[in-house]
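So you know, we letter chains A, B, ... as the sequences are listed, proteins then strands, and number each from 1. Heavy-atom basis, side chains included; hydrogens, waters and symmetry copies ignored.
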Number of protein chains: 2
Amino acid sequence: MLSEERLNATLHASGRRLTRQRRIVLEILKESQEHLDAETIHDQAKARDSQVSLATVYRTLALLKEIGLVEEHRLGEGHAHFEAVQSSPHYHFTCLGCGRVIEFDAPQVMEVARALGEREGVEITTTHLFFSGYCPQCQQERRNSRNDQL
Amino acid sequence: MLSEERLNATLHASGRRLTRQRRIVLEILKESQEHLDAETIHDQAKARDSQVSLATVYRTLALLKEIGLVEEHRLGEGHAHFEAVQSSPHYHFTCLGCGRVIEFDAPQVMEVARALGEREGVEITTTHLFFSGYCPQCQQERRNSRNDQL
DNA sequence: GTCCATGCAAACTGTTTGCACGCGC
DNA sequence: GCGCGTGCAAACAGTTTGCATGGAC
């Protein structure tokens, strides 16, 4: 598993340690190819190994983010979601009705980032593109409930 | 002032009221063409009219968002920023070093949204494009501090 | 006068932190 | 065994809510 090696190497290089908990959190994120929130990661971690605290989950997520193995997303809700970095970047649409998330790709984003970096001299390290609205089913429901009101 | 009329009309239509506080919050957002956080809006509101509570600021922001006069942004930090909706959509870059924000336009985003809407049948109501990284000055500082470590 | 909106304080959610113990190296 | 990482609980920041009073219409 490549990313565990990377984790191990990075930790060693900075005098830090590869612990059971850190391995578990990374595994969970790699296996479930979804954006999980801290609470969910914590639950799954406890299922694998009784004692993992929520604080450690947060500390580990910060660490993995720093190393670049994990990305944090804010999908409109009050809390954050995390996912293992994948080879191809992708973006998110969230349905405001049912919370369903659709992932999509958009190569144009890299071009926008490149152009902005060039124009402003900034170095762009992360890009987020986030849409929200209504999925087909929820569009239908909203139409119905509007009719009910008349 | 167009948007106050819109606010007034929308409120009337749904049996709600245009209060001093609601007018103040909308004015603040219109005048300062920036993304303010709730705390800042609250401070400015108090300056104009002694008694405006933070709870009301939040309730009003939710209302203005619902009506479509105000947008909420999550610029990487833990708290939300709000700004009056402008005719032309625009997006944000935040410097991770100093917090500086650069606004930019990117017409390509609408095209991406259109294409996704068509392909998935979703109705997209809001779009966020958010970059983070380092501005020129902070890139320099990071280079320096890295050299210091060697 | 009616009923929505407000102020206040308390509750709540997600996240961070201080400290003593535990464990990777 | 040294020192980083952990668990626990308390602290914290941002936001929301219940309730009695105030104010728009």
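Following rounding to the nearest Å, B:L7 (CG) and C:dC4 (P) show an atom-to-atom distance of 17 Å. Summarising the geometry, the separation between CD on A:Q51 and C1' on C:dC21 is reported as 13 Å, rounded to the nearest angstrom. In this structure, B:L11 atom CG and C:dC3 atom C1' are separated by 15 Å, rounded to whole Å. Across the protein-nucleic acid pair, B:K46 atom NZ and C:dT6 atom P stand 17 Å apart, rounded to whole Å. The distance between atom CZ of B:R17 and atom C1' of C:dT6, rounded to the nearest whole Å, is 12 Å. Summarising the geometry, the separation between CZ on B:R23 and P on C:dT6 is reported as 11 Å, rounded to the nearest angstrom.
Within the 4.5 Å cutoff, the side chain of A:I24 has no heavy atoms near those of the A:Q21 side chain.
Of the two residues contacting DNA chain D, namely A:R22 and B:A80, the nearest-nucleotide position lying further toward the 5' end is that of A:R22. Along DNA chain D, the nucleotide nearest B:R16 and the nucleotide nearest B:E39 are compared for position; the residue whose nucleotide lies closer to the 5' end is B:E39.
Inspection of the B:R16 and B:S14 side chains reveals an N or O donor paired with an N or O acceptor under 3.5 Å. In summary, the side chains of A:D37 and A:T40 do present a donor paired with an acceptor at a separation below 3.5 Å, with no hydrogens or angles considered.
Annotation: A:H128 is not in aromatic contact with B:H128 [ring centroid separation under 6.0 Å not met].
Annotation for B:I28 and B:A45: closest pair CD1-N, 3.4 Å, computed over non-hydrogen atoms.
Applying side chain to side chain contact (heavy atoms under 4.5 Å, CB included) to B:L29 and the options B:I41, B:L69, B:V85 leaves one that passes, B:I41.
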Side-chain donor/acceptor pairs under 3.5 Å, residues 54-62 of chain B, sequence neighbours excluded:
| from | atom 1 | to | atom 2 | distance (Å) |
| --- | --- | --- | --- | --- |
| B:T56 | OG1 | B:S53 | OG | 3.2 |
| B:T60 | OG1 | B:T56 | O | 2.8 |

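Backbone-only contact: A:L18 has heavy atoms under 4.0 Å from sugar-phosphate atoms and none from a base.
The distance from atom CZ of A:F130 to atom CZ of A:R74, rounded to the nearest 0.5 Å, is 11.5 Å.
Residues of residues 56-67 of chain B that place a heavy atom closer than 4.0 Å to DNA chain D, in numerical order, are B:Y58, B:R59.
Put simply, the side chain of A:R20 and the base of C:dC23 share no donor and acceptor less than 3.5 Å apart.
When DNA chain D is scanned in the 5' to 3' direction for atoms under 4.0 Å from non-hydrogen atoms of chain A, the outermost contacting nucleotides are D:dG3 to D:dC8.
When hydrophobic clusters are built by joining Ile, Leu, Val, Met, Phe, Trp and Tyr residues whose side-chain heavy atoms come closer than 4.5 Å, directly or via intermediates, B:Y134 is not grouped with B:I102.
Remark: B:Q21 is in phosphate contact with C:dG7, judged by side-chain N or O atoms under 4.0 Å from OP1 or OP2.
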